[in-house]
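Computed from heavy atoms alone, side chains included, the values below leave out hydrogens, waters and symmetry copies. Please read all numbers here as calculations on a predicted model, not as lab measurements.
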Amino acid sequence: MAQTLDGTELTLKARVKDGNEIFGRITKKQITDELNKQAKLKLTAKQVELTKPLTTTGSQDITINLTND
């Protein structure tokens, strides 16, 4: 699973206000759902390390916590 995730890039669609501000926000659940869909994994939102929802466009590095099993 770690090998599959390493270097994975997701593109999430969102409505944008002015400039690079997202209308609403992108949450852990949205990231998890898209990652599971694209990489065919079974992650939970609890595994996504995100201190607050994403509110601007652009590249973001996100850590995924994996268990030993």
Side-chain angles (χ1 to χ4, degrees):
M1 190 179 291
Q3 290 175 340
T4 300
L5 289 170
D6 188 32
T8 298
E9 292 185 22
L10 294 178
T11 300
L12 298 169
K13 294 182 180 182
R15 291 180 25 206
V16 178
K17 293 181 188 180
D18 299 322
N20 66 343
E21 188 178 352
I22 294 172
F23 184 78
R25 59 189 179 188
I26 294 177
T27 64
K28 289 181 180 187
K29 180 166 177 7
Q30 290 170 293
I31 293 167
T32 304
D33 289 347
E34 193 61 30
L35 191 54
N36 286 338
K37 179 180 167 186
Q38 288 187 24
K40 296 179 177 39
L41 299 171
K42 293 184 180 181
L43 299 171
T44 65
K46 290 180 181 181
Q47 293 175 281
V48 176
E49 192 172 299
L50 191 63
T51 56
K52 62 181 183 171
L54 305 177
T55 57
T56 58
T57 62
S59 295
Q60 304 285 333
D61 289 327
I62 298 172
T63 300
I64 308 295
N65 296 312
L66 302 176
T67 60
N68 291 332
D69 58 346

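- Between atom NZ of residue K28 and atom OG1 of residue T44 there is a gap of 9.0 Å, rounded to the nearest 0.5 Å.
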For salt bridge (charged side-chain N to carboxylate O under 4.0 Å, His left out), just list the numbers for D33 and K29, CA-CA rounded to whole Å, side-chain angles, deciding distance to a tenth of an Å, and then say yes or no. CA-CA 6 Å; D33 289 347; K29 180 166 177 7; 2.9 Å; yes
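- You'll find the side chain of V48 stays beyond 4.5 Å of the side chain of L43, heavy atoms only.
- A donor-acceptor contact under 3.5 angstrom links the side chains of Q38 and E34, judged on distance only.
- Side-chain atoms of Q47 do not come within 3.5 Å of backbone N or O of L66 as any donor-acceptor pair.
- In this structure, the separation between CD on E21 and OG1 on T55 is 7.0 Å, given to the nearest 0.5 Å.
- Here the CG-CD distance, from L35 to E9, works out to 12.5 Å after rounding to the nearest 0.5 Å.
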Which is it for L50 and T63 under the side chain to side chain contact (heavy atoms under 4.5 Å, CB included) test, yes or no, and what are the steps along the way? CA-CA 8 Å; L50 191 63; T63 300; over 6 Å; no
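- Across every non-hydrogen atom of A14 and I26, the tightest pair is CB-CD1, 4.3 Å.
- Under the 4.5 Å side-chain criterion, counting only non-hydrogen atoms from C-beta, L54 is not in contact with L12.
- L5 and L10 fall within a single hydrophobic cluster, where Ile, Leu, Val, Met, Phe, Trp and Tyr are joined by side-chain heavy atoms under 4.5 Å apart, directly or via other members.
- Here the side chains of L41 and M1 are in contact, with some heavy-atom distance below 4.5 Å.
- Using a distance-only test at 3.5 Å, with no hydrogens or angles considered, no donor-acceptor pair links the side chain of N20 to the main chain of T56.
- Here the closest heavy-atom approach between residue R25 and residue Q30 is recorded as O-OE1, 3.2 Å.
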